[in-house]
Amino acid sequence: MDVNAAVAAAAAIAGLLTGVIAMLAFRVSEREQRRPTRTSLHTDAVLPPGVDTVLSVLRSSAVVLDENDGVVKASSAAYALGLVRGGKLAVEPMLKMARDTRRDGEIRQVELDLPRRGTGRGEALAVSARVAPLGSRLVLLLVEDLTEARRIEAVRRDFVANVSHELKTPVGALSLLSEAVMDASDDPEAVERFAGRMQIEATRLTNLVQELIDLSRVQNDDPLEDAEPVPVGELVAEAMDRCRHQASTKEITMAAAGAADLRVWGNRGQLAAALGNLVENAVNYSPARTRVGIAVRSVAQPGGDLIEIAVTDQGIGISDKDKERIFERFYRVDPARSRATGGTGLGLAIVKHVAASHGGEVTVWSAEGQGSTFTLRLPEARPARGRRPSERDDSEGLDAEAGGTSHPSPHSSDPSAYATLPSPEVLP
């Protein structure tokens, strides 16, 4: 009996130990399952319900950081701006802001200039960063790209400064001339001379105001809302009539060639102003007794035929550094010559905006001392189909009619074409 009792007691003890061990193993297993893993910190960690959806529709670049500065969530825009690299926030000032916000819970905002990725030109990327706590452990970073807004603001400031300067010049001249007229009231010849100068300055002021109005109109209006087929021949004739007096004064011959029945879609007034500015520039910047040519042709394109209107002169030409800026508002290649001719520096800017708003473009080819060719390309106002040979070849007659000076197309693929240009031809 004693042996049986001892065996029973031993079995009971062994069973009890087994149960205790099993219970301890179960508790340890539960604890391990509840312990957060590295993966869980970056996925189910953690974003409060609905936050992921909200971040996905924001226009701002969004980054969510955990307590270890690891990236829990980042939008595609954040990667595109270079804010996140290798799973970490790559901008040290923003990382410091996030740590400070995590410590004291305060919302912070700062504007930074960041290096732009991949350009290699040192261009700055202007951003506005805002950091706020998200729950008890996370921090939310929102970044707005301000680069384009700053560029527009700089353009606006430059425009206001340029307008102020351009208006101040003729207004100041009129004020001084009026005082001179008062002082010379007993000298009829001086009064007549000063009055003539006043008329010149008043005309310059009127032209500047009108071109500012034209520029504002072409920037704000949509010319295609009431577009109509506009005969190119009529536009060319109107542009030549506009400049006929200046041309005759300088003994400049104007010649036109091209298909007479071509039409473009657009606003007639804006198109006439654009082509008139090109022809007027050609006349103003050409030496006396030279030629200005206007060639028109239709060019087949996959998306629809284009009308090319090329205005060629034998003027002073444009340097390479100036060609990059001539379409800027108020930019002048030769400021002294522009003042002499009454130029405002807005003509080519108006041409550029008119071309862009009509779905076209304007380009320039030029060589110093050999003249320039400005080419205006606009969509043709008829369905793309086979054209008559005359529409392709009529512009070739311009050389014979305008004196043989031929400038290559800005898109010409033959580099030798630019080397054979003759010097400006002067009529006998």
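Index from 1, following the sequence.
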**Student:** Any heavy-atom pair between the side chains of M94 and V63 that's under 4.5 Å?
**Tutor:**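 Result no, sub-4.5 Å side-chain heavy-atom pair not found.
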**Student:** Test of understanding: with side-chain contact (heavy atoms from CB on, under 4.5 Å), list the residues that count as partners of V181, not counting sequence neighbours.
**Tutor:**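 Partners of V181 under the side-chain contact (heavy atoms from CB on, under 4.5 Å) test: V191, F194, M198.
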**Student:** Heavy atoms, side chains only, cut-off 4.5 Å: are L134 and V139 in contact?
**Tutor:**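 Not in contact.
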**Student:** With the side chain counted from C-beta on, respond yes when T363 and R377 share a heavy-atom pair under 4.5 Å apart, and no when they do not.
**Tutor:**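 Yes. Closest side-chain heavy atoms under 4.5 Å.
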**Student:** Please identify each residue that fulfils side-chain hydrogen bond (donor to acceptor under 3.5 Å, both in side chains) with S75, with sequence neighbours left out.
**Tutor:**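 Applying side-chain hydrogen bond (donor to acceptor under 3.5 Å, both in side chains) to S75 gives none.
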**Student:** What do the steps show when you test F374 against N277 for side-chain contact (heavy atoms from CB on, under 4.5 Å), and what is the final call?
**Tutor:** CA-CA 11 Å; F374 286 84; N277 285 343; over 6 Å; no
**Student:** Nearest 0.5 Å, what's the CZ-CG distance between R297 and D305?
**Tutor:**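 Here the rounded value is 12.0 Å.
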**Student:** Any side-chain heavy atom of N267 within less than 4.5 Å of one from H358?
**Tutor:**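 In short, these two side chains touch, coming nearer than 4.5 Å.
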**Student:** Does S298 reach the main-chain N or O of I307 with its side chain, forming a donor-acceptor pair under 3.5 Å?
**Tutor:**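 Checking the backbone N and O of I307 against the side chain of S298, no donor-acceptor pair under 3.5 Å is found.
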**Student:** Are the side chains of V354 and L275 in touch, meaning some heavy atoms are under 4.5 Å apart?
**Tutor:**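 The answer is no, as the side chains (C-beta and beyond) never meet within the 4.5 Å cut-off.
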**Student:** How close do A381 and V264 get, counting heavy atoms only, and between which atoms?
**Tutor:**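 That closest heavy-atom pairing would be CB-C, 3.5 Å.
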**Student:** If a pair satisfies side-chain hydrogen bond (donor to acceptor under 3.5 Å, both in side chains) and one of its residues is in residues 89-109, list it, with sequence neighbours excluded.
**Tutor:**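 side-chain hydrogen bond (donor to acceptor under 3.5 Å, both in side chains) check on residues 89-109 returns D69-R99, D69-R102, K96-D100, D100-R103, T101-R108, D104-R108, Q109-S128, Q109-R130.
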**Student:** Tell me, do R244 and D241 make a side-chain contact under 4.5 Å, heavy atoms counted?
**Tutor:**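 Heavy-atom side-chain distance check passes, below 4.5 Å.
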**Student:** How would you list, by chain and number, every residue that makes a side-chain hydrogen bond (donor to acceptor under 3.5 Å, both in side chains) with E280, sequence neighbours excluded?
**Tutor:**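 For E280 the side-chain hydrogen bond (donor to acceptor under 3.5 Å, both in side chains) partners, ignoring immediate neighbours, are R242.
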**Student:** Got a sec, which residues hit salt bridge (charged side-chain N to carboxylate O under 4.0 Å, His left out) with K88, two or more places apart in sequence or on another chain?
**Tutor:**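 Scan of K88 (salt bridge (charged side-chain N to carboxylate O under 4.0 Å, His left out), adjacent residues dropped) gives none.
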**Student:** Grab the two heavy atoms, one from A62 and one from A78, that are nearest each other, plus how far apart they are.
**Tutor:**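 Smallest heavy-atom distance, with atoms named: O-CB, 4.0 Å.
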**Student:** Kindly write out the residues that satisfy side-chain contact (heavy atoms from CB on, under 4.5 Å) with D113, not counting sequence neighbours, or none if the list is empty.
**Tutor:**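 Here the qualifying residues are A124, A126, R150.
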**Student:** Check the pair V362 / T375 against side-chain contact (heavy atoms from CB on, under 4.5 Å), numbers first and verdict last.
**Tutor:** CA-CA 6 Å; V362 58; T375 303; over 6 Å; no
**Student:** How far does CG of L262 sit from CD1 of I309, to the nearest 0.5 angstrom?
**Tutor:**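 Reported to 0.5 Å precision, the distance equals 9.0 Å.
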**Student:** Indicate the atoms forming the closest heavy-atom contact of G371 with S366, along with that distance.
**Tutor:**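 Heavy atoms only, the tightest pair is O-OG, 3.1 Å.
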**Student:** For the atom pair CD1 (I318) and CD (E368), what is the distance rounded to the nearest 0.5 Å?
**Tutor:**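 It is 9.5 Å, given to the nearest 0.5 Å.
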**Student:** Considering all heavy atoms of both residues, which atom of W365 and which atom of Q370 are nearest to each other, and what is their separation?
**Tutor:**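 Result for this residue pair: CH2-OE1, 4.5 Å.
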**Student:** How about CD on Q199, more than 12 heavy atoms from neighbouring residues, nucleotides or ligands closer than 6.0 Å, or not?
**Tutor:**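 Atom CD in Q199 is not crowded, with 12 or fewer foreign heavy atoms closer than 6.0 Å.
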**Student:** I'd like to check the side-chain hydrogen bond (donor to acceptor under 3.5 Å, both in side chains) partners of E234; sequence neighbours left out, ordered by chain and number.
**Tutor:**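 If we apply the side-chain hydrogen bond (donor to acceptor under 3.5 Å, both in side chains) test to E234, skipping adjacent residues, the hits are R268.
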**Student:** What pairs meet the salt bridge (Lys or Arg N to Asp or Glu O under 4.0 Å) rule with one or both residues in residues 167-176, with sequence neighbours excluded?
**Tutor:**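 Pairs touching residues 167-176 that pass the test: none.
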**Student:** For the CG atom of L278 and the OG1 atom of T373, what is their distance to the nearest 0.5 Å?
**Tutor:**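 Reported to 0.5 Å precision, the distance equals 11.0 Å.
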**Student:** Within the structure provided, determine whether V110 and P93 are in side-chain contact (heavy-atom separation under 4.5 Å).
**Tutor:**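 Sidechains of P93 and V110: no contact.
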**Student:** Please enumerate all residues that pass side-chain contact (heavy atoms from CB on, under 4.5 Å) together with A282, with sequence neighbours excluded.
**Tutor:**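 A282 satisfies side-chain contact (heavy atoms from CB on, under 4.5 Å) with V292, V311, D313 only.
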**Student:** When you measure from the side chain of N68 to the backbone N and O of G70, does any donor-acceptor pair fall under 3.5 Å?
**Tutor:**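 No; judged by distance alone, with no hydrogens or angles, the pair does not exist.
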**Student:** For the pair K250 (side chain) and T290 (backbone), establish whether a donor and an acceptor sit closer than 3.5 Å, ignoring hydrogens and angles.
**Tutor:**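 No; judged by distance alone, with no hydrogens or angles, the pair does not exist.
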**Student:** Between I152 and E148, does a side-chain contact (heavy atoms from CB on, under 4.5 Å) hold up when you go through it step by step?
**Tutor:** CA-CA 6 Å; I152 294 174; E148 183 65 14; 3.9 Å; yes
**Student:** Please round to the nearest 0.5 Å and tell me the distance separating atom CE of M254 and atom SG of C243.
**Tutor:**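 Rounded to the nearest 0.5 Å, the CE-SG separation comes to 6.0 Å.
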**Student:** Under the salt bridge (charged side-chain N to carboxylate O under 4.0 Å, His left out) rule, collect the residues that match up with R325, sequence neighbours excluded.
**Tutor:**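 If we apply the salt bridge (charged side-chain N to carboxylate O under 4.0 Å, His left out) test to R325, skipping adjacent residues, the hits are E328.
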**Student:** Please enumerate all residues that pass side-chain contact (heavy atoms from CB on, under 4.5 Å) together with V171, with sequence neighbours excluded.
**Tutor:**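 L205.
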**Student:** Could you tell me if the side chain of L235 sits less than 4.5 Å from the side chain of V230, heavy atoms only?
**Tutor:**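 With C-beta onward as the side chain, the pair touches.
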**Student:** About how many Å separate CD of E144 and OG of S60, when rounded to the nearest 0.5 Å?
**Tutor:**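 Output value for this atom pair is 3.0 Å.
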**Student:** Do you know the tightest heavy-atom contact between D66 and L138?
**Tutor:**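 Result for this residue pair: CA-CD2, 3.7 Å.
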**Student:** If every non-hydrogen atom of A202 is compared with every non-hydrogen atom of L174, which pair is closest and at what distance?
**Tutor:**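 For A202 versus L174, the nearest heavy atoms are N-CD2, 4.1 Å.
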**Student:** Write out all pairs satisfying side-chain hydrogen bond (donor to acceptor under 3.5 Å, both in side chains) with one or both partners inside residues 171-191, taking only residues at least two apart or from two chains.
**Tutor:**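 Of all non-adjacent pairs touching residues 171-191, none passes side-chain hydrogen bond (donor to acceptor under 3.5 Å, both in side chains).
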